[in-house]
J.: 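My structure is below; once you've seen it, I'll send some questions.
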Amino acid sequence: MSVPNDRSVPGEAPTDPPSSVRRRILDVLLGVSFFTWLGSVVYPVVRYLLPPEGPALEQRTIRVGEVKDFKKNSGTLFRMGAKPGILICTPSGELRAFLAVCTHLQCTVQYKPDEGVIWCACHNGRYNLQGINISGPPPRPLTPLQVKLKGNEVYVSLA
Amino acid sequence: MSRSPDHAPGGLGRLWAQRLFDWFDRRYQIAGLIEFLRHKDVPITGMSFLYYFGGIALFLFVVQVVTGVLLLMYYVPSADQAYESVHNIMAKIHFGWLIRSLHAWSANLLILSVMIHLFSVFFLRAYRNPRELTWATGFGLLGLVFAFGFSGYLLPWNQRAFFATKVGTDILGQLPVVGTFLLTVLRGGEEVTGATLGRFFGLHVAILPGLATLLVGGHLLLIQRQGMSHPAAWLKQPPEQRRSMPFFPNFLARDLLLWFLILNAVAAVAVFWPAELGDKADPFGAAPAGIKPEWYFLSQYQVLKWMPARIGPISGERVGILAMMFAGLAVFLLPFCDRAVEGDPRRRWLDFFGVAAVTGLILLTVVGYVSQ
């Protein structure tokens, strides 16, 4: 197909010559193709880097042990799915459970029997036995878990 | 209306590029570096297409590094879990099959392009004085790609890989004096076990890449420093008829286009023929029938198969291995023996050896492939 190279008329302001329009169309087409191609390279890599979700590991209810396993004024760590949980037996013998994940930077907390608090060793955060943050950097209370007794057995479930 | 360059599309981008360039140039004088890149010319002859293979090898090496790093995210180097982790990559991880197939296919192409590159340098006599060390580093890189192929082959811990490694390390064990030492060091004991896998893994992902990066860097630096060799056919022309092209940016632009096409082609091949995994290695099972090395080891494999049990006082296998090592040494020493200078038309008989070597390699590979 032949396209006139110069449509400008003497005396009139010259318009864009068609060749430059064609060039711009080509530029756009090339640019779009290139970025589409780039997307087709980057997309598989990004998808690859994100691991597929495994089977749901989070069991709703976990058997932690028997009542006699937990002494007064002590804390026991256990697995709650992929996360650690902590079962506290208070000085009065009450059982309470929380996710043992510090709300500051996700370190695993522990029970400090001499102070009667839940303590995070990473940045000296403290929670009381209701799981409320009482000193140090933690911004929120610990996530509480439900403790259920079936006979002598202690079960913990997500609240 | 004619446009001034400032108003052209991308004018603003160019302005920023100029500013960025100036910022670096004031501090690091990179104009000299650009000049260093620019001074290399690519001679144009009928054989110029051969100049692309070095660049192709370099590009495929980069593809190996990128896909290899990605595979490392999911691969587990232990005899218990290696096979399962590769299976996981192939079956569960999104596009894992694509990444692994790209790694496998581009590895094969890399070895092929390094071989073609070596033979083109040979036939163009580009290895001659003063480029002996470029040849030597290139020869080292050929050895490295073989070592990469050999060590990477074991990592999926499948049946073929297990026996290929058993045979391959056994061959090294045949070497006089150092054989037993090499075999024990490579296997991490007397047998191919999980310890071997650990060692091959370390070799494949740390030691070899480190060495390869050094050698590739040296190789490229030497080429850039000395410029390209001029083939005899080009030098024979009267000076006014000699044609050449600046490497930067003209030849590099062609390189880039070719790399783009190759990446697409390898991806297409990977989609239609993904890499296989086979059965998990069973150290106490029998070697499966029809087991053979990868194509780039087939010629050596065939030579060893043809060797009689004994030649005089020594085992045939050992004779074959030594013969191949001497052939390798001769290739390595070539630029130190052929003392002719660039463009010297003498020693055409070397071409005969080259053609014989290429034909021999192809024939042995084909025979190795089809024979029982």
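This is a predicted model, so every value here is computed, not measured.
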J.: Considering residues, nucleotides and ligands other than A/Phe35, do more than 12 of their heavy atoms fall under 6.0 Å from its CZ?
T.: no
J.: Pick one of side chain, backbone, both or neither for A/Leu49, based on which atoms fall under 4.5 Å of a heavy atom in chain B.
T.: both
J.: Would you say B/Trp105 has more than 12 foreign heavy atoms packed within less than 6.0 Å of its CH2?
T.: no
J.: In terms of heavy-atom pairs under 4.5 Å, which option from B/Leu71, B/Ile89, B/Leu263 contacts chain A the most?
T.: B/Leu71
J.: Should the heavy atoms of other residues, nucleotides or ligands under 6.0 Å from NE2 of A/His104 be counted, would the total exceed 12?
T.: yes
J.: How about NZ on A/Lys112, more than 12 heavy atoms from neighbouring residues, nucleotides or ligands closer than 6.0 Å, or not?
T.: yes
J.: Heavy-atom distances under 4.5 Å only: say whether B/Leu102 touches chain A with side chain, backbone, both or neither.
T.: neither
J.: Decide if atom CD of A/Gln110 counts as having more than 12 heavy atoms of other residues, nucleotides or ligands within a radius under 6.0 Å.
T.: yes
J.: Would you check if the side chain of A/Tyr48 reaches a backbone N or O of B/Ile99 as a donor-acceptor pair within less than 3.5 Å?
T.: no
J.: What are the two closest non-hydrogen atoms of A/Pro52 and B/Lys92, and how far apart are they?
T.: CG-O, 3.6 Å
J.: Atom CD of residue position A/Gln106 - does it have more than 12 heavy atoms of other residues, nucleotides or ligands inside 6.0 Å?
T.: no
J.: So do the side chains of B/Phe95 and A/Val46 get within less than 4.5 Å of each other, counting heavy atoms only?
T.: no
J.: Which atoms of B/Ile93 come close to chain A, meaning under 4.5 Å heavy atom to heavy atom: side chain ones, backbone ones, both, or neither?
T.: both
